[in-house]
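Below is one structure, written out as structure tokens; comments come after it.
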Amino acid sequence: MTLREFSIDALTVHVAESRIAMGRRAAADIASEIRMCLERQSDVRMVFAAAPSQSEMLAALREEKEVDWSRVTAFHMDEYLGLPADAPQRFGLWLRHAIFDHKPFSTVYLLEPGDNPAQTAADYAAKLNASPIDIVCCGIGSNGHLAFNDPPADFEDPLTVRIADLDAQCRQQQVDDGCFATLADVPVRALTITIPGLLAGHAIFCTVPGALKKEAIRRTLLGSIDPMCPASALRLHPRCALYLDPDSASEVPIA
């Protein structure tokens with residue numbers, strides 16, 4: 001059940017009664033967008049985020065009916081540098097467990113850093129830019145980042161994918177989320193789709209639960225559109241929906 005819906009600039013905000021309800025509402029809207037796209041075109045190209053914040057949405061999306069996954073091409077938005085290929089923290093592996101291995105996708109392009117991450121970034125960007133991206137499913141970090149675009153983010157980055165240095169708050173979030181035991185275990189660099197690369201998607205569905213995100217949500221919605229809060233760039237997109245639970249929405253008075 002949705003408790004409240006409102007808009008700020010071009011951004012539509014849905015506050016659900018619980019984290020589970022938030023995930024179900026986001027998944028239903030994403031599935032509806034996939035179906036609508038497939039009514040007018042041969043395939044759908046999607047970008048997914050990998051994080052615990054996406055778990056409820058992805059679980060619900062797997063259960064959505066009448067979605068022709070065989071016509072969906074999938075990408076993901078970031079990947080750590082320096083982790084073994086089989087490390088459980090690898091985002092591609094996480095997404096395989098969460099959705100990629102559950103549905104018969106047409107193609108899944110995993111972001112594999114390899115020995116030359118700069119070349120990998122360029123190659124992945126070429127795949128992303130080969131045709132328009134229809135749907136982006138993302139979250140927001142505790143420091144306001146989108147993907148691994150930590151503040152200050154470049155809203156006019158000429159690249160689609162780049163190597164990013166991860167700031168301390170971003171890395172601490174990975175510990176707080178239970179993905180790593182200590183801060184020292186968290187990689188200091190990653191590959192990430194840039195802000196312009198993400199905003200190039202025709203429709204963006206952003207799912208952000210939890211009290212750890214409440215300050216980032218306040219800044220995203222009520223602060224200025226500012227590179228120091230990368231997620232504030234979502235307010236510039238003509239078709240972006242933000243899904244919150246009561247905890248993440250608790251610092252937004254109008255919610």
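No donor-acceptor distance shorter than 3.5 angstrom exists from the side chain of E251 to the backbone of I217, with no hydrogens or angles considered. Checking side-chain atoms of Q174 against main-chain N and O of C179 turns up no donor-acceptor pair under 3.5 Å. Formation of a donor-acceptor pair under 3.5 Å by the Q173 side chain with backbone atoms of N143 is not found in this model. Checked by atom type and distance alone, the side chain of R71 pairs as donor or acceptor with a backbone atom of S42 at under 3.5 Å. Counting only distance, with no hydrogens or angles, the side chain of R219 and the backbone of M228 share a donor-acceptor pair below 3.5 Å. A donor-acceptor distance shorter than 3.5 angstrom exists from the side chain of T120 to the backbone of N116, with no hydrogens or angles considered. At least one donor-acceptor pair closer than 3.5 Å links the side chain of H237 to the backbone N or O of G201. No donor-acceptor distance shorter than 3.5 angstrom exists from the side chain of H14 to the backbone of R4, with no hydrogens or angles considered. Side chain of R24 to backbone of A60: no donor-acceptor contact under 3.5 angstrom is found. Side-chain atoms of S232 come within 3.5 Å of backbone N or O of D226 as a donor-acceptor pair.
To the nearest 0.5 Å, the span separating CZ on R45 from OG on S131 amounts to 4.5 Å. Distance check: C37 SG to D68 CG gives 13.0 Å after rounding to the nearest 0.5 Å. Atoms SG and CD1, from C137 and I99 in turn, are 8.0 Å apart once rounded to the nearest 0.5 Å.
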Carefully, step by step, assess I195 and L146 under the rule side chain to side chain contact (heavy atoms under 4.5 Å, CB included). CA-CA 7 Å; I195 298 291; L146 290 177; 3.9 Å; yes

Could you go through T182 and D185, starting from their C-alpha distance and side-chain angles, then the distance that decides it, and tell me whether this counts as side-chain hydrogen bond (donor to acceptor under 3.5 Å, both in side chains)? CA-CA 5 Å; T182 70; D185 295 327; 3.0 Å; yes

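Inspection of the Q41 and D134 side chains reveals an N or O donor paired with an N or O acceptor under 3.5 Å. For the residue pair D245 / S248, a side-chain donor-acceptor distance below 3.5 Å is found, with atom types taken as modelled.
Residues Y124 and L191 have side chains not in contact (no heavy-atom distance under 4.5 Å, counting atoms from C-beta outward). In this structure, D165 and V188 have side chains that are not in contact, with every pair of non-hydrogen atoms separated by 4.5 Å or more. You'll find the side chain of I193 stays beyond 4.5 Å of the side chain of F75, heavy atoms only. Annotation: side chain of D9 is in contact with side chain of I225 (closest heavy-atom distance under 4.5 Å). Proximity of N149 to D78: side-chain heavy atoms (C-beta onward) are nowhere separated by under 4.5 Å. Looking at V252 and V15, their side chains never come closer than 4.5 Å, going by heavy atoms from C-beta outward. With a 4.5 Å cut-off on side-chain heavy atoms, R19 and D247 do not count as touching. Residues I8 and L242 form no side-chain contact, since every pair of their non-hydrogen atoms from C-beta on lies 4.5 Å or further apart.
Shown here is R90, whose CZ atom has more than 12 heavy atoms of other residues, nucleotides or ligands within 6.0 Å. Heavy atoms of other residues, nucleotides or ligands lying less than 6.0 angstrom from CZ of R235 number more than 12.
Aromatic ring centres of F148 and Y80 lie closer together than 6.0 Å. Ring centroid separation for the pair F105 and F100 comes in under the 6.0 Å cut-off.
Considering every non-hydrogen atom in both E79 and L111, the closest pair reads CG-O, 3.4 Å. Pairing each heavy atom of M57 with each of A26, the nearest pair is CG-CB, 3.9 Å. The heavy-atom pair separating H76 from G92 by the smallest distance is CE1-N, 3.7 Å. Across every non-hydrogen atom of V175 and A181, the tightest pair is CG1-O, 3.9 Å. In terms of heavy-atom proximity, L93 sits nearest to P88 at CD2-CA, 4.0 Å. Taking both residues in full, the closest heavy atoms of G141 and A216 are given as O-CB, 3.3 Å, listed atom of the first, atom of the second, then distance.
With R162 as the partner, the side chain to side chain donor-acceptor pair (under 3.5 Å) test is satisfied by one option alone out of D154, D157, T192: D157. When each of D123, T194, L128 is paired with V161, the side chain to side chain contact (heavy atoms under 4.5 Å, CB included) condition holds for L128 and for no other.
Connection of V208 to L222 is established within a shared hydrophobic cluster, with ILVMFWY side chains joined at heavy-atom distances below 4.5 Å, either directly or through further cluster members.
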